[in-house]
Amino acid sequence: AVMELPPSHYAAARAAALAAHYACYRRGSPGRGLALRAVRRASRQDIDDVGHKYYLELVLEDVLDKDSTVNCTAEVLYHLGNKNIAPDVQFTIEGELKNTDEADNVFYNRIKSLEKELVAEKIPDSHGNVPPEMEPIRLLAWAASGYVIWQNSTENTIFQLAQIKHVKQVKRIDEYLEFDYMILLHEMVSQEIIPWQMTVLWHPQHTVQVTEDSRQPKHASE
Amino acid sequence: HQVLRIVPTNDEELQKVQELQDLEELQLDFWLAPHGPGHPVDVRVPFPSLQPLKAHLEANGVSYSIMIEDVQALVDHEQREMLRSRRQLPLSTSTFDYTTYHSLDEIYTFMDLLVAENPNLVSKLEIGRSTENRPLYVLKFSKGGRNRPAVWIDTGIHSREWVTQASGVWFARKIVLDHENDQDLASILDKMDIFLEIVTNPDGFAFTQTQNRMWRKTRSRHSDSTCIGVDPNRNWDAGFGGPGASRNPCSETYHGPYANSEPEVKAIVDFVKNHGNIKAFVSIHSYSQLLLYPYGYTRTPAPDQEELHQISKKAVAALSSLYGTNYKYGSIITTIYQASGGTIDWTYDQGIKYSFTFELRDTGRYGFLLPAKQIVPTAQETWLALKVIMLHARDHPY
């Protein structure tokens, strides 16, 4: 049975957030971030012995240019029972996303030509500031966290990237850029702030790869 | 360390000075390197090298003067100046910077200034003390009367939601600025008082400034757990302890040992009960861009759901009209999640019909770390929605 959901219903919101994060993971780069702008339509289908499937019509926006939006249709299948299988996500973006080759290449060359490996922390800082030269680092984390979020999402979670606590570039001999991130994820249903480590690989023309990721314990100081 | 200025007058002197650059053991730091006769050479000299260097210059007839007698003293002075100008408490509400985040002290000073500048409209009440004994202040805006029907607004109950306290400060000033010339506000204040608690969780707020920017709860210690804090929005006596809150003290949604265990919550409960005439209650959070009404603890629709839904629709339309910011609205349980022991469920069940919760900007791009330049636009658009709610309460006495 397929049931239409009001777009403001939390179940629609959660599935939509997941789909948007997944799309950002697949299409994001240091030059492009995608975020969920609106949920147009949502419906849910309970499939016996399989799980819950959501059909969504979404609007995504370009994080760097709020006026630039694209329509997106997505299907999200949360598997029944087993918490260890990531939801299946399929999405289609209608129309073209802005080309980011130039921005990506500029960033790539900039990092490649650094004498010392890049190190940074607290992006954004407590007041929401992001130095302009850190914006691509942030967008890269945004895309990579999409993978982590996708892998760890259930019908009872909504994740957002809250902050990059620390990022360190790892020098490589091949042409890839590698960054070791420590991020904070905000899980909105439990309201927990979860530290997470992720190792991210990227090269222009290639999608973002997360080669390693692990949940970290909360600090004793909290 | 001293900084010496040396002016070599000819090539011979210049060479003598240039030679100094090779004497690594002196650890000279050239601020202006030698490059020609007649051009000043400025060099910072560590204490142990002062005598040998001066002796060398004098022996070679190279003149110098002392530009900075004590570099450390200068650095210390500058440091003090910087700290002082940053920490400088505001002098008036018109010089207060609404476009930045402020410390607890600065906000408390702002409140006092606001009262001092507008004694006929604004007064400050202390409704209790926090766990760490910080005062809990509420601003009262009133044009007179006795125990008039009132609107309550609180911000900052969850300390990490910084745009809310900042918006509260802006609302306070807005009320003062507009109370005569804005027809809507003036007519509201003709009939009703407004109570505004800007820093509802001061212990948590202080903690976000000094230790952990992501701190949400209070700072109380109840069990022998090493974990501190109770979620003040799960501590109210409405479905207390039911699903939608945690009994784990280490959880961000820990409801506490019993309802109203938190002094920050108890203070408001006592105030509301003693006042007895509050007609609208708005509790402000961030983030998600939502306008919510009861219930959170049960799926049973609130008896006034239809009316609350219509008010929300109007309020959200007003909010969006300013900058196009997109809000969703609905009951707590259908729009975000089941949550028990929540503020507005309690106030609604006390008979305060117009009970609402806002979740302000944004939807996750910055989340709690909303850039300061969004404070004023957020406050401006939210104010329009608040006026819709207040006007409705004014026009529908009960």
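What's counted below: heavy atoms across the whole structure, side chains too, no hydrogens, waters or symmetry copies. Numbered from 1 within each chain, the chains take letters A, B, ... in sequence-line order.
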Toward chain A, the part of B:Thr226 with a non-hydrogen atom under 4.5 Å: neither
B:Tyr287 versus chain A, the contacting section by heavy-atom distance below 4.5 Å: both
Any side-chain donor near an acceptor of the partner, A:Tyr55 and A:Gln45, under 3.5 Å: yes
Winner by heavy-atom pair count (cut-off under 4.5 Å) against chain A, out of B:Gln289, B:Gln338, B:Lys328: B:Lys328
Test item: side-chain donor near acceptor, A:Asp104 and A:Ser29, under 3.5 Å: yes
Contacts with chain B made by residues 58-73 of chain A (heavy-atom distance under 4.5 Å), listed by residue number: A:Val63, A:Lys66
Stacked cation flag B:Arg219 on B:Phe207, 6.0 angstrom / 45 deg: yes
Student check: side-chain heavy atoms of A:Arg27 and A:Leu34 closer than 4.5 Å: yes
Within-4.5 Å side-chain heavy-atom neighbours: B:Phe240 and B:Asn235: yes
Proximal component of B:Phe368, with respect to chain A [non-hydrogen, under 4.5 Å]: side chain
Region of A:Ala162 in contact with chain B, defined by heavy-atom distances below 4.5 Å: both
Heavy-atom proximity to chain A below 4.5 Å, by part of B:Cys227: neither
Inter-chain contacts: residues 179-186 of chain A against chain B, heavy atoms under 4.5 Å: A:Leu184, A:His186
Top of B:Ala339, B:Ser246, B:Gly364 for chain A proximity - count of heavy-atom pairs under 4.5 angstrom: B:Gly364
Toward chain A, the part of B:Arg365 with a non-hydrogen atom under 4.5 Å: both
Within-4.5 Å side-chain heavy-atom neighbours: A:Pro87 and A:Leu18: yes
Candidates A:Tyr78, A:Phe91, A:Tyr22 - the one meeting ring pair (Phe, Tyr, Trp, His ring centres under 6.0 Å) with A:Trp150: A:Tyr22
Contacting moiety of A:Pro7, where chain B heavy atoms sit under 4.5 Å: backbone
Within 6.0 angstrom of A:Lys168 NZ, more than 12 heavy atoms from elsewhere: no
Segment of A:Ser190 engaging chain B (4.5 angstrom heavy-atom cut-off): backbone
From A:Cys24 atom SG to A:Leu36 atom CG, the distance as rounded to the nearest 0.5 Å: 11.5 Å
With sequence neighbours excluded, residues passing side chain to side chain donor-acceptor pair (under 3.5 Å) with B:Ser283: B:Asp154
Pairing residues for B:Trp236 by the side chain to side chain donor-acceptor pair (under 3.5 Å) criterion, not counting sequence neighbours: B:Thr343
Check: A:Met188 and B:Ser288 side chains under 4.5 Å, non-hydrogen atoms: yes
Distance-only polar pair, side chains of A:Thr154 and A:Asn156, donor-acceptor under 3.5 Å: no
Region of B:Ile375 in contact with chain A, defined by heavy-atom distances below 4.5 Å: neither
Pair B:Glu161, B:His285: side-chain N/O donor-acceptor within cut-off below 3.5 Å: yes
Residue selection (most heavy-atom pairs with chain A, distance under 4.5 Å) from B:Asp231, B:Ile336, B:Thr253: B:Ile336
Check: B:Val169 and B:His102 side chains under 4.5 Å, non-hydrogen atoms: no
